[in-house]
Amino acid sequence: MGGYAKAANRERVTPQAVKKAVDSLQRYVGRPLLLNRRGKLLPTKYALELMPLIDDVITAYGRFDLASQGGVGSKRQTSRENGYAETVRVAATSNVSGLGSWLETTREKMLSTAPCLGVRIYSYPDEACLSALERGAVDLAVTPSVMCAGNLVYHVLSHCPLYAVAVPDHPLVGRSGVTLADVCCYPLAGLCNPSVQDHVEQRFQAVGLHAKFFRLGLQTESNNDFCVRNGILLVGNRDATSRDLGLVELDERLSFPLYVVRKRGEERIACLEVLETLLSQRHEL
């Protein structure tokens, strides 16, 4: 999660208005929802637990608002100034570098060609994207997670790089030609998503290596403490790590698949149009 300015730009309001809304919500629930880590705003554990409930409220309000305005097709709904004919809700993982800005750019392109189409993008942890799709809180999900559910259809959007990071004085930082075998000599962590971890473990196994990954908490301090003990983090979002960590240059590219997921039987034109646009623009991700 970035700062207030990014959210304000997406919602077309001022950063002060976003901060005021967040402060008001924090006072209402009586607990902090955001933590400031080196200038970045990160959700607290309690905020992550609340997120699905908040989306349920947003979804319910959207249905009420649509019904109160006469439904899709009414003059008020198809007016660019007063609203959209139909809104497609997209849950996107917060754990992939550059995904948020790419989605915003793609969203603006869609709005320029289809002004009556609304697209709302929600940032979720990996594990929450598919659950939001399953319960109908969103219409599409962009995530590396895979769920064994017959009602979901997966479309490969991209193969995202994994970054290996460690403390600056780690033996592998600054060294060229680092192999997967070299990396296996140290404790590994950072892959909290089971789907990504399975994929990466298979990559190690394909070259005869067995890698053991440790599960860490969400706090940056946990990552730093792990790295101080000579550990190596494999992360999909380089920006989410501490600036005090250095990059381990691997001689083999490690990556994981990123999917756009929809429910089977979802045939709404607006939803399929957004899906098609995301897939057609994936070369820019």
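Please read these numbers as outputs of a predicted model, since none were measured by experiment.
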* **From CA spacing to verdict: side-chain contact (heavy atoms from CB on, under 4.5 Å), Asp182, Arg175** => CA-CA 11 Å; Asp182 293 329; Arg175 175 180 152 187; 3.2 Å; yes

* Rounded distance (nearest 0.5 Å) linking atom SG of Cys129 with atom CG of Leu133 -> 9.0 Å

* Are any non-hydrogen side-chain atoms of Pro257 and Tyr154 less than 4.5 angstrom apart? -> no

* **Hphob cluster co-occupancy, Tyr28 + Tyr46, side-chain heavy atoms under 4.5 angstrom** => yes

* Just one of Arg264, Arg262, Glu134 clears the side chain to side chain contact (heavy atoms under 4.5 Å, CB included) bar with Leu152, so which one? -> Glu134

* Within a radius of less than 6.0 Å around NZ of Lys263, do more than 12 heavy atoms belonging to other residues, nucleotides or ligands occur? -> yes

* Looking only at atom types and distance, does a side-chain atom of Ser255 sit under 3.5 Å from a main-chain N or O of His159, one as donor and one as acceptor? -> no

* Structure fact -> side chain to side chain contact (heavy atoms under 4.5 Å, CB included) test vs Val165 passes for just one of Leu245, Val248, Leu234, Ile232, namely Leu245

* Asked: What distance do Leu272 atom CG and Asp139 atom CG have between them, rounded to the nearest 0.5 Å?
  -> 10.5 Å

* Asked: Considering only heavy atoms from C-beta outward, does the side chain of Val261 approach that of Val146 to under 4.5 Å?
  -> no

* Hey, does the side chain of Ser24 reach the backbone of Lys20 with a donor-acceptor pair shorter than 3.5 angstrom? -> no

* **Gap between atom CD of Glu104 and atom NZ of Lys109 - 0.5 Å precision** => 13.0 Å

* With the side chain counted from C-beta on, respond yes when Arg31 and Thr44 share a heavy-atom pair under 4.5 Å apart, and no when they do not. => no

* Apply the test side-chain contact (heavy atoms from CB on, under 4.5 Å) to residues Arg282 and Val260: give CA-CA distance (whole Å), side-chain angles for both, the deciding distance (0.1 Å), then the verdict. => CA-CA 11 Å; Arg282 58 187 169 190; Val260 181; over 6 Å; no

* Asked: Val90 pairs by side chain to side chain contact (heavy atoms under 4.5 Å, CB included) with which of Thr106, Val138, Val119?
  -> Val119

* Got more than 12 heavy atoms from elsewhere within 6.0 Å of CD, Glu284? -> yes

* Kindly indicate whether the side chain of Leu130, heavy atoms from C-beta on, has any atom under 4.5 Å from the side chain of Tyr259. => no

* To do: Apply side-chain contact (heavy atoms from CB on, under 4.5 Å) to the pair Val200 and Leu188, showing each step before the final yes or no.
  => CA-CA 11 Å; Val200 174; Leu188 298 172; over 6 Å; no

* Asked: Atom CG of Leu162 and atom NE2 of His199: how far apart are they, to the nearest 0.5 Å?
  -> 8.0 Å

* To do: For the pair Arg27 and Asp23, find out whether any cationic side-chain nitrogen is under 4.0 Å from an anionic carboxylate oxygen.
  => no

* Indicate yes or no for a side-chain donor-acceptor contact from Glu249 to the backbone of Ser176 under 3.5 Å, with no hydrogens or angles considered. => no

* **Nearest-0.5 Å distance, CG of residue Leu209 to CD of residue Glu201** => 12.0 Å

* Report the distance from atom CE of Met110 to atom OG1 of Thr105, rounding to the nearest 0.5 Å. => 10.5 Å

* **Trace of the side-chain contact (heavy atoms from CB on, under 4.5 Å) decision for Leu254 with Leu180** => CA-CA 9 Å; Leu254 282 177; Leu180 296 185; 4.0 Å; yes

